[in-house]
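Step one of this worksheet: look at the structure below.
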Amino acid sequence: FVAPDTTRLVSSGEHHSTVYGYVYGGPNAADRVDFDSVTHVAWHQFDIDAYGYIYDYANWTTYYEEFVDAAHAAGVKVHLTVMPYNEDGSSPLSKMRSALLNPTYRANMVEQLSDLVNDYGADGVNIDFEMLQSETFDELVAFTAEMAAEVDEVYVSTPTVDWGNGYDYDELAFASDGLVIMGY
């Protein structure tokens, strides 16, 4: 009889996991998050128009304080999710195209988002631009890098399959702090 080897193998290197969650903003948002189970939480959502102007549909500027305080007390980072929506009746894809392809409009997004992050105690931005096509391939990377120069952290939500060839995964990973792969 030989006893099994119960010696634990020690892995080399440092391990780090990011557990990223989203919360629909508004009143009592902090009550809807188990802050002990996540490392990052993204306040959902900030819309844009075709010129890169940000709309705060989730009332971040009204309800941020309790949310940020609760998250930071638990050691959780807070990000703001920029995700074009059809709230105003326009196509999210056309708004993303317009805002990404024009450097002035991209600068509008960067300036406004960084102000909302830096002035209200958040830690970064989550870029959730879905269904992009190849025409904005380089511009999404440029926007990510421009955003990363202004806030502490930037994460980019990406599809599991890039049907439109709109995501340069390697360059986005390099320009950001991480990719959130939407595998649902």
Can any side-chain N or O of [X] pair as donor or acceptor with the backbone N or O of [Y] at less than 3.5 Å?
X: Asp47; Y: Tyr85; value: yes
X: Asp123; Y: Val78; value: yes
X: Asp56; Y: Thr61; value: yes
X: Trp60; Y: Leu116; value: yes
X: Ser98; Y: Ser94; value: no
X: Tyr53; Y: Asn108; value: no
X: Glu171; Y: Val141; value: no

**Prompt:** Under the side-chain contact (heavy atoms from CB on, under 4.5 Å) criterion, do Phe129 and Val156 qualify, and how do the steps go?
**Reply:** CA-CA 8 Å; Phe129 283 11; Val156 180; over 6 Å; no
Can you tell me how far the [atom1] atom of [X] sits from the [atom2] atom of [Y], to the nearest 0.5 Å?
X: Thr18; Y: Asp177; atom1: OG1; atom2: CG; value: 9.0 Å
X: His79; Y: Asp152; atom1: NE2; atom2: CG; value: 8.5 Å
X: Leu100; Y: Asp138; atom1: CG; atom2: CG; value: 11.0 Å
X: His40; Y: Asn126; atom1: NE2; atom2: CG; value: 10.5 Å
X: Thr158; Y: Glu130; atom1: OG1; atom2: CD; value: 10.0 Å
X: Thr39; Y: Asp36; atom1: OG1; atom2: CG; value: 12.5 Å

Using the rule that Ile, Leu, Val, Met, Phe, Trp and Tyr join whenever any side-chain heavy atoms are under 4.5 Å apart, tell me whether [X] and [Y] fall into a single cluster.
X: Val154; Y: Phe174; result: no
X: Phe35; Y: Tyr63; result: yes
X: Leu179; Y: Leu140; result: yes
X: Leu172; Y: Met147; result: yes
X: Val151; Y: Met83; result: no

Which pair of heavy atoms, one from [X] and one from [Y], lies closest together, and at what distance?
X: Ile181; Y: Thr160; result: CG2-CG2, 3.5 Å
X: Gly25; Y: Arg32; result: O-NH2, 3.6 Å
X: Pro84; Y: Met96; result: CG-CG, 3.2 Å
X: Ala99; Y: Asp49; result: CB-O, 4.3 Å
X: Trp43; Y: Ala29; result: CZ3-CB, 3.6 Å
X: Tyr120; Y: Val68; result: O-CG2, 3.9 Å

Would you say the side chain of [Y] lies within less than 4.5 Å of the side chain of [X], judging by non-hydrogen atoms?
X: Val41; Y: Phe67; answer: yes
X: Asp115; Y: Ile54; answer: no
X: Leu132; Y: Leu93; answer: yes
X: Met109; Y: Ile48; answer: yes

**Item:** Hydrophobic cluster partners of Tyr155 (side-chain heavy atoms under 4.5 Å)
**Value:** Tyr20, Tyr22, Val180
**Item:** Working for side-chain hydrogen bond (donor to acceptor under 3.5 Å, both in side chains), residues Asp34 and Ser37
**Value:** CA-CA 6 Å; Asp34 177 4; Ser37 298; 2.6 Å; yes
**Request:** Look at atom OH of Tyr51 and say whether more than 12 heavy atoms of other residues, nucleotides or ligands are closer to it than 6.0 Å.
**Result:** no
**Request:** May I ask you to decide whether Arg106 forms a salt bridge with Glu146, counting only side-chain N to carboxylate O separations under 4.0 Å?
**Result:**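 Salt bridge: yes.
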**Partner set under side chain to side chain contact (heavy atoms under 4.5 Å, CB included) for Asn102, not counting sequence neighbours** =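 Side chain to side chain contact (heavy atoms under 4.5 Å, CB included) check on Asn102 returns Thr104, Tyr105.
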**Item:** For Asp31, all residues meeting side chain to side chain donor-acceptor pair (under 3.5 Å), sequence neighbours excluded
**Value:**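 Asp31 satisfies side chain to side chain donor-acceptor pair (under 3.5 Å) with no other residue.
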